[in-house]
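For the single chain, residues carry numbers from 1 onward in sequence order. Quick note: numbers below take in every heavy atom, side chains included, and nothing from hydrogens, waters or symmetry partners.
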Amino acid sequence: MILPPAVLRTLLRLGLSLLAAMLSAQALAGVADDINEIERAHGADSDVVISKIAGMESAARKSGGVDLRVFLAAWGYAHAMTGGRAVAEAAASELEDQGVRTKDNETLAAAYTLRANILELQGRTRVARDWVAKAVPLALHSSDLSLRYWVATSAGFGAYQSGALEEALAMFQSALSAAEETKDDRRQAQTHISMASLLLTLKDSAGAMRHAEAAFRFAQAGKQFSLAAEAKALEALVAEAQGDTERQRKATEASIALSKDVGGPAAQLGVLLNLSDLNLRVRNFAAARAQADQALALARSLNDEPGQATAELNLGFALIGLGKIVEGRRIAEHGVAYYRKIDSRSDVLATLNQYGEILERAGDAGHALKVVREAQAIEDEMLRGDRQRTVVEMQQRYEAEKRSKEIELLNRDNALKTAELGRQQMARRSSWLLAVVLALASIIAILLYGRVRRANQQLAAKNADLEFMSKHDPLTGLFNRRHFTSLLEALPPELPHRREEDADDLVRAVFLLDIDHFKQINDNHGHRDGDAVLVEVARRLRETLRDSETVVRWGGEEFLVLAPAIRRAHLDELATRLLHTVGAAAISTYGPALRVTTSIGYSPLELPGDPSEPDWERALHRADLALFLAKRRGRNQAIGVCTFCDAEAIERNDDAALPPSIPGPAVA
């Protein structure tokens with residue numbers, strides 16, 4: 001379940017505690033110590049944190065080391081929480097550069113985790129998990145307990161958001177161990193809250209209740225009233241799951257009463273939003289609806305637009321879960337419209353991902369597909385921006401290295417000139433010394449030439465690597481989605497054919513393949529086995545295709561096959577071959593051999609009877625719709641949109657006229 005943007009920000013403020021998490025108990029000094037005190041007093045209010053630490057930058061840069069690491073992490077995270085993405089990303093980049101330059105794993109772990117937090121706030125959970133996964137091995141064996149706490153909490157939160165609940169449990173347990181060693185009441189309360197929420201999702205109500213009670217004890221000891229209110233809210237949810245209505249009533253009343261100690265109606269609104277969202281996560285839609293109704297009324301009385309939008313989203317999602325799909329969509333669309341109005345792409349993306357998941361679970365496949373398409377378009381646009389920035393950053397690094405080598409060579413050249421002047425003076429005194437100096441100068445010149453040549457060769461190799469990386473997927477070695485556009489541009493505008501009668505028979509076509517139940521492979525066997533499956537599927541696809549046909553890693557567990565010239569009669573044959581190529585034999589992994597199947601949607605560029613000009617974007621759209629239909633029909637099958645009638649039927653979702661499926665290999 002992907003949390004609504006407003007609730008996500010609340011949990012990140014209360015759950016990650018970035019500023020304190022960056023401080024090493026063994027190395028607190030100066031700026032780091034001051035930032036620690038600011039965090040303890042104002043950690044939940046990022047605007048106050050920014051104003052109070054702004055004047056510390058000069059001292060942090062002068063001190064360097066831990067002080068600079070703490071400042072950059074705090075500065076970047078606080079700006080990410082207040083919408084200053086550019087400042088946050090600049091801080092993350094500087095942390096990464098500092099970590100690479102000093103070969104300091106703890107600084108690199110801080111940089112990667114900050115990037116993950118920035119992406120999580122944008123609703124880009126999948127990419128955020130990739131970054132925090134790089135930080136985990138660098139930090140979890142560190143002697144810096146605070147860094148271990150931050151990284152483990154971030155990794156656990158990302159896994160929880162993505163549905164990898166066992167991984168989330170392991171990370172939260174690691175975070176709790178670090179929090180207990182630091183003896184910090186706030187951190188222990190935060191981690192117990194995370195554990196309670198996770199165990200409630202795992203249907204372990206007894207374990208969830210123990211952690212909710214522990215969270216409340218530590219929150220009270222640390223005078224963290226907002227955390228105490230959230231702990232009581234969780235206790236109410238667990239009590240409801242256990243059927244203890246009296247305890248549920250008392251815990252709910254206590255949560256609302258505690259919220260009054262941290263800001264009155266606004267804090268009550270936050271508690272109600274958290275309660276409704278937690279109930280959505282455990283699919284208690286009736287309770288989620290009641291709490292969202294109360295939150296909506298309170299947000300309207302406070303004239304709180306973000307709170308009203310989040311309450312409308314929760315109310316709409318609850319109604320959809322209760323089967324009132326039309327009414328729920330109407331109310332949820334009000335909430336989505338707010339984030340569209342403020343032009344917050346990251347908030348729209350997070351909201352649409354949750355919206356599509358709710359609709360699909362409720363059986364409204366048509367609207368779910370529409371919502372998922374919009375979310376995919378937004379994420380693709382954001383990924384393109386990330387890739388462009390990555391390429392620019394890499395090129396800048398290469399240019400910086402080149403300039404550094406040039407300066408080094410210039411300095412050596414100046415030294416050589418100085419030596420030459422000395423040689424001339426010595427020549428007046430001794431002819432044999434002149435010969436020695438000339439010989440030494442020749443050797444130095446040869447060495448310098450060799451170094452320059454090696455530097456140019458290394459730069460050329462790095463540029464070649466950069467060019468390759470921009471076109472290929474690093475895991476499978478296939479062309480990537482970005483390079484697919486250049487492949488299309490290189491195709492001739494008209495399909496070449498040797499005989500006139502081939503003009504209507506030869507077509508260009510695309511096949512979209514999606515590995516079935518790939519998330520279960522990662523969850524049950526681990527990402528290493530998941531990567532092994534992706535590599536082997538890519539190898540099988542390359543071997544079964546002709547030289548003229550191209551396979552592209554489209555993203556995640558999706559692949560695309562481009563057939564630049566194929567007979568219409570052979571489209572179904574190629575789809576059948578692809579199904580059996582992937583699914584006929586088990587795949588060897590680091591663990592047990594796995595039987596993997598795919599779902600395929602395909603369509604030619606040229607459709608008979610289509611009044612429109614052939615267009616690759618429409619062909620891809622048709623193939624994607626066919627893939628979605630294949631998954632909806634049960635997976636391990638291929639569906640083709642090969643005529644204009646097929647295209648019209650699948651666009652209208654006309655069950656009677658939809659194209660038939662080609663079954664995949666039988667799976668025992």
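Put simply, CG on L198 and CG on L169 are 5.5 Å apart, with the number rounded to the nearest 0.5 Å. Remark: R148 CZ to T153 OG1 distance equals 11.5 Å, nearest 0.5 Å. Here the CG-NE2 distance, from L534 to H527, works out to 11.0 Å after rounding to the nearest 0.5 Å. Put simply, OG1 on T113 and CG on L95 are 10.0 Å apart, with the number rounded to the nearest 0.5 Å. The distance from the CD1 atom of I521 to the CD1 atom of I587 is 7.5 Å, given to the nearest 0.5 Å. T485 OG1 to R482 CZ: the interatomic distance, rounded to the nearest 0.5 Å, is 9.0 Å.
In summary, of the residues considered (S197, S177, S194), a side-chain contact (heavy atoms from CB on, under 4.5 Å) with F172 occurs for S194 alone.
The two residues A178 and L145 come nearest to each other via the heavy atoms CB-O, 3.6 Å. The nearest pair of heavy atoms linking Y112 to A135 is CB-CB, 3.8 Å. Residue T351 comes nearest to L313 through the heavy atom pair CG2-CD2, 3.5 Å, listed as atom of the first residue, atom of the second, then distance. Looking at every heavy atom in both residues, A532 comes nearest to S588 through CB-O, 4.5 Å. The nearest pair of heavy atoms linking R61 to L72 is NH2-CD2, 4.1 Å. Closest approach of A109 to A139, counting heavy atoms only: CB-CB, 3.9 Å.
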Inset, instruction - Under the side chain to side chain contact (heavy atoms under 4.5 Å, CB included) rule, what do Q98 and D104 come out as? Steps first, then yes or no, please. - result: CA-CA 8 Å; Q98 180 184 345; D104 180 26; 5.9 Å; no
Legend entry - Worked check of side chain to side chain contact (heavy atoms under 4.5 Å, CB included) between R553 and N480: CA-CA 5 Å; R553 184 168 182 199; N480 58 25; 5.9 Å; no
Inset, instruction - Determine, step by step, whether R115 and S93 satisfy the side chain to side chain donor-acceptor pair (under 3.5 Å) criterion, reporting the C-alpha distance in whole Å, the side-chain angles of both residues, the deciding distance to 0.1 Å, and the verdict. - result: CA-CA 9 Å; R115 285 195 187 279; S93 295; 3.0 Å; yes
Inset, instruction - Decide side chain to side chain donor-acceptor pair (under 3.5 Å) for S142 and E106; before the verdict, give the C-alpha distance in whole Å, the side-chain angles of both, and the deciding distance to 0.1 Å. - result: CA-CA 7 Å; S142 167; E106 292 178 342; 2.5 Å; yes
Inset, instruction - Please test E94 against R69 for salt bridge (charged side-chain N to carboxylate O under 4.0 Å, His left out), starting from the C-alpha separation and ending with a verdict. - result: CA-CA 9 Å; E94 187 172 350; R69 166 159 63 91; over 6 Å; no
Inset, instruction - Go through the steps for W131 and K134 under the test side chain to side chain contact (heavy atoms under 4.5 Å, CB included), then give the verdict. - result: CA-CA 5 Å; W131 278 105; K134 296 171 65 177; 3.6 Å; yes
Inset, instruction - Take Q188 and I193 through the side chain to side chain contact (heavy atoms under 4.5 Å, CB included) test and state the conclusion after the steps. - result: CA-CA 9 Å; Q188 293 186 75; I193 285 172; over 6 Å; no
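Stacking of K471 on the aromatic ring of F479 is not recorded, the 6.0 Å distance cut-off and the 45° axial limit not both being met.
A salt bridge is defined here as a Lys NZ or Arg NE, NH1 or NH2 lying under 4.0 Å from an Asp or Glu carboxylate O, and R85 with E89 meets this definition. A salt bridge links R129 to E167: at least one charged side-chain nitrogen sits closer than 4.0 Å to a carboxylate oxygen.
For the pair K519 and N522, the minimum side-chain heavy-atom distance is 4.5 Å or more. Contact annotation: the side chain of Q220 never approaches that of D185 to less than 4.5 Å [non-hydrogen atoms, C-beta and beyond]. Using a 4.5 Å cut-off on side-chain heavy atoms (C-beta onward), D523 and E166 make no contact. Using a 4.5 Å heavy-atom threshold, the side chains of L478 and H472 count as separate. Side-chain contact between R187 and H192 is absent, with no heavy atoms from C-beta onward closer than 4.5 Å. Between V533 and H525, every side-chain heavy-atom pair lies at or beyond the 4.5 Å cut-off. Residues D473 and V552 are not in side-chain contact: their nearest non-hydrogen atoms beyond the backbone lie 4.5 Å or more apart. V132 has its side chain out of reach of M171: every pair of non-hydrogen atoms, C-beta onward, lies at least 4.5 Å apart.
For the pair D204 (side chain) and L199 (backbone), a donor-acceptor distance under 3.5 Å is absent. Not a single donor-acceptor pair under 3.5 Å links the side chain of R481 to the backbone N or O of F484. With hydrogens and angles disregarded, a donor-acceptor distance shorter than 3.5 Å links the side chain of S486 to the backbone of H483. The main-chain N or O of S63 is never found under 3.5 Å from a side-chain atom of D67 such that the two would form a donor-acceptor pair.
Checked against a 6.0 Å centroid threshold, the rings of W554 and F559 do not count as neighbours.
Judged purely by distance below 3.5 Å, without hydrogens or angles, the side chains of N117 and W150 pair a donor atom with an acceptor atom. In this structure, a donor-acceptor pair under 3.5 Å is present between the side chains of Y149 and Q190.
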